[in-house]
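Encoded as structure tokens, the structure appears first; notes follow it.
The structure displayed is predicted, hence computed values, not measured ones. A, B, ... follow the sequence lines: proteins, then strands. Residue 1 opens every chain.
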Amino acid sequence: MKRKKTSVEGCKTFPKADNTAAETTKGSEKNSTGSIIDIPKNKEGKKELIESERRYRSLFDNSLDAILLTIPDGRIIAANPAACEMFGRSDEEFRKVGRAGIVDLSDPRLESLLKERKRKGSAKGELYFFRKDGSRFPAEVTSSIFADSSGNQKTSMIIRDISDRVNLIKELQQSEVSYRNMFMNNPQPMLIFDLETLSFLEVNNAAIKHYGFTRDEFLSMTVKDIRPPEDMASFREYLNNTREQLVLAGEWRHQKKNKEIIIVEIISHAITYNGRKARHVMALDVTERRRAEDKLIEKDIQFRKLSANFQDMIFQFTRKNDGSYCVPIASEGIKNLFGCSPEDVVNDFSPISKVIHPDDLPGLIEAIEDSARNITQFTYEFRVRLPELPDQWIFARSTPEKLPDGSVNWYGFNANITYLKNIEESLQQSEERFRRIYEDGPSGIVLVNKSMKYEMANRAFCRLVGYSMEELKSFTFLDITHPDDRARGVKNFSELIKGTIREYSSEKRYIRKDGEEIWVSITITAINDQDGQFLYSLGIVEDINKRKKAEDEFNILNTRLKLLIGAIKSIATSYSMKSIMHTVNTTAGKIMNAKGSSFILREGEYCYFADENAITPLFRGKRFLLKDCISGWVIRNKKQAAIKDIYSEEKTLTELYKGTFVKSLAISPIRQNDPLGAIEVYWDKYYEPSPEEFQLLQTLADATAKAVENIHLIEGLEKRISERTSELQTLYKEMEAFSYSVSHDLKAPLRHINGFAEILVKQFSELLPESGRNHLNTIIAAAKKMGVLIDDLLKFSRTGSTELKKSFHNMEQIVMDSLNQIKPSAGQRNIKWTIEKLPEVYGDYNLLRLVWENLIDNAVKYTRLKETGEITIGHRVEGSRQVFFIKDNGAGFDMRYADKLFGVFQRMHSQNDFEGTGIGLANVRRIITRHGGETWAESQPDMGSTFYFSLPKKPAIL
Amino acid sequence: MKLKKILLVEDNQNDIDLAILALSELHTANRIVVVRDGVEAMEYLKYCGEYKEREPGNPAVIFLDLKMPRMDGICVLKEVRNDPQLKTIPVVMVSSSREEKDLVSAYNLGVNAYVVKPVEFDLFTKVIRQSGEFWTNINETPDNQEISYSWQINH
């Protein structure tokens, strides 16, 4: 039963394989039975004996029946594994207790069995045995006597536990009825038929129920009637061949009453039934089982169909216990992977092994053996060479299972991973490329860890900073960073760690191992783990030292240019030689980076060191002959000069500097075509200015030339101006003194004349005749008139001499202010005023007001004879000038005398007609002229006059 | 109480006569002290020379001509204002014409009044009389010489 169970299990999983296995097992069972019977008793040959011994040994070990080797006296010398299991004893225990320890000695059949064996050499019978735990069981025992190789008598016992059978037989024996019941009620269909007539003699209830025929129907039928007609031929043949067989077993097809075909497993025994030769048939319906098996086959087909489209391969791989390989199951994918079909490899591994890359095969086999030995999962990658294809990479994974017979099955799959390998390869290539960039690239690449230490640095970086990788590993990046750049580096780095920034770029300085400073541009990127935690910072470092140096030079040049431009601007607006010399000297020193500089002026045959800018001036204020100094040479030759080493010059030109700290000199002439001097710079070290520097110096010298020329020009002009000014001032002062004395010295006598004349009139009028009093009154009137004249004349002179205080004024307001001043004196006069809108003007308020007062006063005065005076004040724009006018309907004048109108003391009318000193219009003209305007008048006698004056529309200079 | 003097500083005899005539109407003729220039004025004020023995006391007012020989009115004004004993004396500047610069310097030195002598005699007497009346009869000056002016004299 145990064996069967195992095979059924196997069958379920591997139907195909099982069939073979099942057959083999059945075969071996038959064989083993046979071999017991055919144990050779004669010694036909040594070889045969050894072979027999081997077979015997195999039987002994593998038999499911218990086998004991004994000596006729009852000692046990060996027990097979089945015996150990059946009795629950070890081989050793068997030997200890002997036959007497396992056989029920009280069983009377023992004695007769032993006697029979002794007589016949072998015996078969039933006996009771004891297990180790003391329980008793019946067993069928077959015992034989044989001689071993040395001729000693031995016995063997083959014991089969028959507890079940014994019980059954016991019951049968107990009563015929119970036997019948046993037959009739057995759940398995049982049939008895006559071997001669083939008609049924008896059937049990299970058969009736199973086949659908009634008992009576069965008893009228033959065994042929329950078989499908197409099987009849083979059945007859079978019957003929097995007539004498005691027990028959086989699989047949039976037909039920309803014509349904069932598959039955038949075991039949030859019996005698009621005196007739008959066969007792037990039919086990295995239709369902066969169907299940068919289903399994179907499943297998389905598996094949399913896996047919599967590019890769699913397999069962077997290592047989002889160490050979085969692939009992393989999906269709095997064609893709190994170029063979599943059938090819069922029993043969070579179709696969021959396409495996020779380099990979030994390793693969080693791995298989390893997996088989340790029952560990098998994983391997290997190459396969198929014709006309590049090597394909195959990945295999399977799980082993050890079978009882020592063989090993793996279930798993193979997959083509060539594309993965290709990717992997390209990855490796790309990694290689990166590695090359990293290792051999021109840029420095570094990895810095959280604690700012160098994790890695490539060759370029090591070259850059002059440290080896090993040295760098003991540094933080701050250690080789320029002190001024450290704070910034720490700040950026901490932000990188915090994650507030992902990367940053900056320019910084390292201090090389040799102590030199080097400028680099760095780009730092944070490398974080999957959780975003900072791992490293990756830095790409570029050497920008050259660029920085160029930038520095550029900056220096730029600074110098700025200085130069500033100096040129400054000297262009300088009005004194002193300030020019100061500016030029300080600038020359700075743009040439010199220790000092001198401003040299040519004075005939001499160089005059007019100014020197240095901490300790050498020659300030001194004069040297042109022929005795290098500056003189420059002035005479109109060329720049650079002396790198004053001592190397053999000429006497540099004699001057020998013994001083000066080592190098550079000189540019001021005004190249006709030098008026030179700018000299000197150094206390050996220095040769670059062409650019020399150009700067010459530019400064050229600008200086222009500035100096300007100064001379301006100085000339200023001299002339101041001469003229002082002349004018003298004149002005005389004028002032004149008018002052007029006001004081001329007026005082007038006052006295007037004063005393009045005293005479007041105090002594009685003493004077009438005519005398009239004369006195005339004296008084004349004196008064003279007083007014003097005042007017003074006013006039002041309008010419006082300074103009110009600003913006509303002309209309000035006119209104003037009107208010004059109107009261106009008295009761009937005057029609028309005042137009007037613009804003730029001028002196008081003087413009005086203009209007005079003009309005005139107009009022000359319209006096008209019943209604008409006075219009207006304005118009003529080009760039504003023209103002005042028109009246008064007496007018003859245009022939118009040019005399504005002269001092000029009058158009007799004093008797119109009072006045004749100064007013002269004043108007003088004031307007001083404002840059003109005055004129138009008139006809008795038709009125129009007086015009103009002012510039916009002030010329503001 | 003894009436204070009126100091008339004038070089021109005609003007002196006209001024005395004008002031006489105030019945103050005996109070008028006439000096002919700045030097003499300072001698009077500081009891020097001719005026060593004069009656003590500052004048009630000084009529000061601008244009005079030796020492002109502006100089006198400056000295008076710089002398702690004299600086409180009212000074009326009298000039023939209204010169802007004279006016400015006189006021900068702290003159009390500046009058222009009109050509017309009526106007002249009116001007002299009224200012004389104001500064001698109406205006009060402290006897105590300790007083200090709150303003500063320029120059």
Side-chain angles (χ1 to χ4, degrees), chain A residues 732-733 735-765 773 776-805 844-847 850 917, chain B residues 8-25 29 34 36-38 63-76 93-106 114-132:
Chain A
Y732 177 71
K733 273 181 184 146
M735 277 279 290
E736 268 210 323
F738 169 72
S739 62
Y740 198 73
S741 62
V742 165
S743 62
H744 285 89
D745 300 350
L746 285 183
K747 279 175 86 181
L750 266 180
R751 201 165 55 240
H752 301 152
I753 293 166
N754 198 35
F756 287 106
E758 284 203 23
I759 291 167
L760 271 179
V761 170
K762 276 182 184 164
Q763 293 183 3
F764 305 102
S765 58
R773 286 201 293 273
L776 271 179
N777 282 331
T778 306
I779 291 168
I780 292 168
K784 276 184 191 166
K785 173 107 195 262
M786 193 169 173
V788 173
L789 267 173
I790 289 169
D791 282 344
D792 280 356
L793 206 60
L794 278 176
K795 216 188 272 175
F796 175 72
S797 89
R798 280 193 197 112
T799 59
S801 62
T802 53
E803 209 179 322
L804 287 180
K805 288 169 190 156
D844 185 312
Y845 172 85
N846 285 317
L847 293 182
L850 197 59
T917 54
Chain B
L8 179 62
V9 190
E10 176 63 71
D11 62 324
N12 190 303
Q13 188 57 49
N14 289 338
D15 275 329
I16 293 168
D17 291 348
L18 289 171
I20 290 171
L21 272 171
L23 291 171
S24 64
E25 289 178 32
V34 177
R36 306 306 280 269
D37 60 28
F63 283 97
L64 188 59
D65 188 20
L66 199 65
K67 224 181 149 224
M68 290 180 297
R70 293 210 286 180
M71 185 176 180
D72 67 10
I74 293 294
C75 290
V76 174
M93 197 66 87
V94 186
S95 172
S96 292
S97 69
R98 189 187 176 281
E99 289 290 334
E100 195 71 25
K101 63 171 194 212
D102 292 337
L103 251 173
V104 170
S105 41
Y114 189 105
V115 299
V116 178
K117 303 170 191 164
V119 174
E120 281 173 78
F121 184 67
D122 284 351
L123 278 175
F124 177 82
T125 50
K126 203 174 165 187
V127 163
I128 297 298
R129 199 169 60 231
Q130 282 178 353
S131 51

**OP:** Dump the intermediate steps for side chain to side chain contact (heavy atoms under 4.5 Å, CB included) on Phe756(A) and Asp17(B), then the final yes or no.
**Re:** CA-CA 10 Å; Phe756(A) 287 106; Asp17(B) 291 348; 4.0 Å; yes
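With values rounded to the nearest 0.5 angstrom, Lys762(A) atom NZ is found 3.5 Å from Asp122(B) atom CG. Here NE2 of His752(A) is found 6.5 Å from NZ of Lys117(B). Values are rounded to the nearest 0.5 Å.
Arg751(A) pairs with exactly one of Asp15(B), Asn14(B), Asn12(B) by the side chain to side chain contact (heavy atoms under 4.5 Å, CB included) rule, that one being Asp15(B).
When the candidates Leu21(B), Asp102(B), Leu66(B) are compared by the number of heavy-atom contacts under 4.5 Å with chain A, Asp102(B) comes out ahead.
Within a 6.0 Å radius of NZ in Lys101(B), other residues, nucleotides and ligands contribute more than 12 heavy atoms.
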